[in-house]
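Worksheet for the structure shown next.
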Amino acid sequence: MFQKSVLWTALLAVGAVFSACDKDDDPNTEAISPEGKIFHVALAVGSGSSSQTYVQNVSDLETGSISFNGFGFEVPSTRTARIYASQDGHFLYNLDYGGGRVFKYAVKGAQQYELVEETNVQHAVGTTHPRWTKVNDAHALLHHIATEHVYDEEEAYIRTSVNAHLVSVELEGMGMTGNEVLPLPQSEEDLAKNQYIFRIDAPVVSGGKAYYGLAKRRYNPETGENETAQYSSVETLVVDYPQMSNPSFISTQVDGARGATNGYRTPVAHADELGDIYQALSVPDASYDCFILRIKEGAYDESYAFNLSEVLGKQVTTNGWFYAGNGIGYVPFADLEAGALGDAVWSLARVDLYGQTAVELNVPDGLWLQQYQYSVVEDGKFYMALAPVGQQGYVYVFDVDSDSPDAFTQGAAIQTGADAYYIGIF
């Protein structure tokens with residue numbers, strides 16, 4: 001969570017910024033039918049459980065300035081909105097996390113978004129708090145893990161049962177298919193440790209399969225509390241796609257890799273042009289190394305182990321990363337030797353997946369990217385909205401073809417405020 005000692009700094013503009021976001025008399029709000037590529041810049045306000053999310057759309061990320069001072073469309077969400085956009089940017093999709101609804105908006109320019117579809121997914125997926133991932137321009141996948149602690153007749157704890165709820169959403173008409181509830185098998189090791197899968201996320205579709213990253217917890221029956229899991233390997237849930245059936249697991253311990261594979265709000269796995277999947281690990285503390293691993297032909301590639309901690313020369317973790325094409329990616333990472341995930345100890349690395357090299361980029365200090373959701377690649381450039389906590393920032397424009405730590409320019413200026421932070425470009 002955002003550190004309150006840093007963020008609750010007074011910034012007088014912020015109190016008024018978001019009360020005026022529905023103004024219809026602003027000269028920049030005239031509805032249009034966008035042409036060409038459209039980008040959506042998103043800002044979240046409030047790092048607790050009741051944050052608001054605001055968006056506006058632009059066609060140019062490299063010049064001018066972007067401000068949410070009295071401007072922006074509030075995306076309806078009980079908690080921070082989970083946003084995706086169509087490939088051309090002409091539609092915006094939003095999961096109301098906590099409200100169990102999915103919205104589809106047609107983009108009308110600036111802060112104008114027209115609701116064209118809305119669907120309630122709570123009954124289909126079994127919760128108002130599902131997670132979702134847009135897997136292509138036609139479909140998104142909703143997913144949720146339901147657990148139950150099982151006791152015998154003498155009230156002795158036996159195990160924790162785990163069911164995966166999997167739903168496919170057709171983005172054209174927001175219809176839902178493949179509503180499956182799958183009991184997940186549990187390993188002898190997890191049963192012995194009282195560990196269980198409590199979350200799946202960040203699916204990638206490749207070769208007729210959907211690959212879901214996962215995270216575990218340990219249940220303490222004496223206290224009735226959940227504790228941090230003890231990972232001894234890396235695992236991924238695999239189901240047939242689009243049937244959303246036949247669950248199985250793949251796992252590896254290559255080079256001692258261990259940790260969670262679900263990420264947080266950033267996509268943690270991507271398929272390259274050959275269909276191979278590259279998956280980053282989220283690790284709980286500095287006793288783990290952070291790896292990027294490869295899934296090839298339905299299994300972990302035991303010949304591939306990209307140790308990001310080793311290459312960067314520090315103990316790091318990540319919540320996910322972005323693929324720029326041709327084996328190049330950008331990884332937001334937190335330095336676990338400098339502070340915790342909730343601290344402003346984040347930076348950015350350019351990685352070459354095929355060469356297994358990484359370069360820490362000379363972006364500003366004081367970044368907090370714990371809840372950063374998405375960024376875009378366009379015409380050989382990677383765009384990311386970066387602002388140190390409580391300071392002005394910029395849309396950074398990275399040259400994908402260069403491995404220099406300074407291979408970027410500062411594009412549009414972006415403004416932030418107290419307990420407000422950019423969560424992505426969509």
Problem set entry | All ring pair (Phe, Tyr, Trp, His ring centres under 6.0 Å) counterparts of Tyr211, not counting sequence neighbours | none

Seminar exercise, completed: Taken in chain and number order and not counting sequence neighbours, the residues that satisfy ring pair (Phe, Tyr, Trp, His ring centres under 6.0 Å) with Tyr354 are none

Exercise. Residues two or more places apart in sequence or in another chain: which of them pass salt bridge (charged side-chain N to carboxylate O under 4.0 Å, His left out) with Glu227?
Worked result: Arg218

Seminar exercise, completed: With sequence neighbours left out, the residues meeting salt bridge (charged side-chain N to carboxylate O under 4.0 Å, His left out) with Glu310 are none

For this session: Not counting sequence neighbours, which residues clear ring pair (Phe, Tyr, Trp, His ring centres under 6.0 Å) with Phe103? List them please.
Result: none

For this session: Just do the side chain to side chain contact (heavy atoms under 4.5 Å, CB included) check on Met244 and Val167 with the steps written out, would you?
Result: CA-CA 8 Å; Met244 313 305 291; Val167 176; over 6 Å; no

Exercise. Quick one: does NZ or CZ of Arg79 land under 6.0 Å from the six-membered ring centre of Tyr97, within 45 degrees of the ring axis?
Worked result: no

Exercise. So, Gln253 side chain and Ser232 main chain: donor-acceptor pair closer than 3.5 Å or not?
Worked result: yes

Exercise. Between Lys108 and Glu114, does at least one N-O distance fall below 4.0 Å, as a salt bridge requires?
Worked result: yes

Problem set entry | Trace of the side chain to side chain contact (heavy atoms under 4.5 Å, CB included) decision for Lys104 with Leu171 | CA-CA 8 Å; Lys104 178 180 179 179; Leu171 296 174; 5.5 Å; no

Problem set entry | Pairwise side-chain contact, Leu166 with Tyr212, heavy-atom cut-off 4.5 Å (strictly under) | yes

Problem set entry | Heavy-atom side-chain contact between Val268 and Asn319 under 4.5 Å | no

For this session: Give a yes or no on this: more than 12 heavy atoms of other residues, nucleotides or ligands lie within 6.0 Å of atom CG of Asp285.
Result: yes

Exercise. Should the heavy atoms of other residues, nucleotides or ligands under 6.0 Å from CD of Glu337 be counted, would the total exceed 12?
Worked result: yes

Exercise. So Tyr372 and Phe322, would you call those rings parallel, tilted or perpendicular, with 30° and 60° as cut-offs?
Worked result: perpendicular

For this session: Tell me, with the steps shown, if Asp301 and Arg294 meet salt bridge (charged side-chain N to carboxylate O under 4.0 Å, His left out).
Result: CA-CA 6 Å; Asp301 184 347; Arg294 180 163 64 194; 2.9 Å; yes

For this session: With sequence neighbours left out, write down each residue that passes ring pair (Phe, Tyr, Trp, His ring centres under 6.0 Å) with Phe306, or none if nothing qualifies.
Result: none

Exercise. Does Thr416 use its side chain to pair, donor to acceptor, with the backbone of Gly390 at less than 3.5 Å?
Worked result: no

Problem set entry | Test item: Gln373 and Phe426 side chains (from C-beta on) under 4.5 Å apart, heavy atoms | yes

For this session: Name the orientation class of the two ring planes belonging to His144 and His165 (parallel below 30°, tilted from 30 to 60°, perpendicular beyond 60°).
Result: tilted

Problem set entry | Closest approach of Leu341 to Ala334 (non-hydrogen atoms, all atoms of both residues) | CD2-CB, 3.9 Å

For this session: Indicate yes or no: at least one non-hydrogen side-chain atom of Gln315 is less than 4.5 angstrom from one of Tyr288.
Result: no

Exercise. Does one side chain, of Tyr421 or Gln371, offer a donor that lies under 3.5 Å from an acceptor on the other?
Worked result: yes

Exercise. Is the shortest heavy-atom distance from the side chain of Ile414 to the side chain of Tyr422 under 4.5 Å?
Worked result: yes

Problem set entry | NZ (Lys216) with more than 12 external heavy atoms under 6.0 Å | yes

Exercise. Take atom CD in Glu222; do more than 12 heavy atoms of anything else shown fall under 6.0 Å from it?
Worked result: no

Exercise. Is the backbone N or O of Thr147 less than 3.5 Å from a side-chain atom of Ser161, with the two atoms forming a donor-acceptor pair by type?
Worked result: no

For this session: Report yes if some heavy atom in the side chain of His139 is under 4.5 Å from a heavy atom in the side chain of Tyr241; otherwise report no.
Result: yes

For this session: Would you indicate whether the side-chain heavy atoms of Tyr278 and Leu353 approach each other to under 4.5 Å?
Result: yes

Problem set entry | Quiz item: cation-pi between Lys296 and Tyr304, 6.0 Å / 45° | no

Exercise. When Tyr113 is tested against each of Val75, Leu92, Asn94 for side-chain contact (heavy atoms from CB on, under 4.5 Å), which residue passes?
Worked result: Leu92

Problem set entry | Neighbour count >12 (heavy atoms, 6.0 Å) for atom OH, Tyr219 | yes

Problem set entry | side chain to side chain contact (heavy atoms under 4.5 Å, CB included) between Asp201 and His143, worked out | CA-CA 7 Å; Asp201 205 358; His143 33 274; 2.8 Å; yes

Problem set entry | Backbone N/O of Gln230 and side chain of Gln195: donor-acceptor pair under 3.5 Å | yes

Problem set entry | Side chain to side chain, Leu348 and Tyr330, heavy atoms closer than 4.5 Å | yes

Exercise. How about Tyr54 and Gln111: does a side-chain donor come under 3.5 Å of a side-chain acceptor?
Worked result: no

Exercise. Okay, side chain of Thr127, backbone of His129: is any donor-acceptor separation there less than 3.5 Å?
Worked result: yes

For this session: Mind running side chain to side chain contact (heavy atoms under 4.5 Å, CB included) on Asn194 and Tyr157 for me, showing each step along the way?
Result: CA-CA 9 Å; Asn194 296 339; Tyr157 173 75; 3.4 Å; yes

For this session: Quick one: closest heavy-atom pair of Asn120 and Met176, and the distance?
Result: O-CE, 3.8 Å

Problem set entry | Residues Arg350, Glu360: salt bridge by 4.0 Å N-O rule | no

Seminar exercise, completed: In short, Pro364 meets Pro388 closest at the heavy-atom pair CB-CG, 3.8 Å

Exercise. Do Gln56 side-chain atoms and Ser67 backbone N/O form a donor-acceptor pair below 3.5 Å?
Worked result: yes

For this session: Please work out which of the three classes, parallel, tilted or perpendicular, describes the rings of Trp321 and Tyr323, given edges at 30° and 60°.
Result: perpendicular

For this session: Verify, without hydrogens or angle tests, whether Thr53 (side chain) and Ala81 (backbone) share a donor-acceptor contact under 3.5 angstrom.
Result: yes

Exercise. Is it true that Phe398 and Phe408 have ring centroids separated by less than 6.0 Å?
Worked result: yes

Seminar exercise, completed: When rounded to the nearest 0.5 Å, the distance separating CG of Asp335 from OG of Ser347 is 9.0 Å

Problem set entry | Separation of Thr236 OG1 from Ile250 CD1 (nearest 0.5 Å) | 5.0 Å

Exercise. So, the side chain of Asp137 versus the backbone of Gln87: is there a donor-acceptor pair under 3.5 Å, distance only?
Worked result: yes

For this session: Grab the two heavy atoms, one from Ala412 and one from Thr63, that are nearest each other, plus how far apart they are.
Result: CB-O, 3.4 Å

For this session: May I ask you to decide whether Arg101 forms a salt bridge with Asp96, counting only side-chain N to carboxylate O separations under 4.0 Å?
Result: yes

Exercise. Any luck finding a side-chain donor-acceptor pair between Asn69 and Gln415 under 3.5 Å?
Worked result: no

Exercise. Is it true that the NZ or CZ of Arg217 lies under 6.0 Å from the centre of Phe198's six-membered ring and within 45 degrees of the ring axis?
Worked result: yes

For this session: Kindly compute the distance separating CD (Glu35) from CG (Asp88), expressed to the nearest 0.5 Å.
Result: 11.5 Å

Exercise. With no hydrogens and no angle check, is any side-chain donor or acceptor of Asn57 less than 3.5 Å from a backbone partner on Phe39?
Worked result: no

Exercise. Is it true that a side-chain atom of His123 and a backbone atom of Val121 form a donor plus acceptor pair closer than 3.5 Å?
Worked result: no

Exercise. In terms of side-chain heavy atoms, does Gln410 have a donor or acceptor partner in Tyr396 at a distance below 3.5 Å?
Worked result: yes

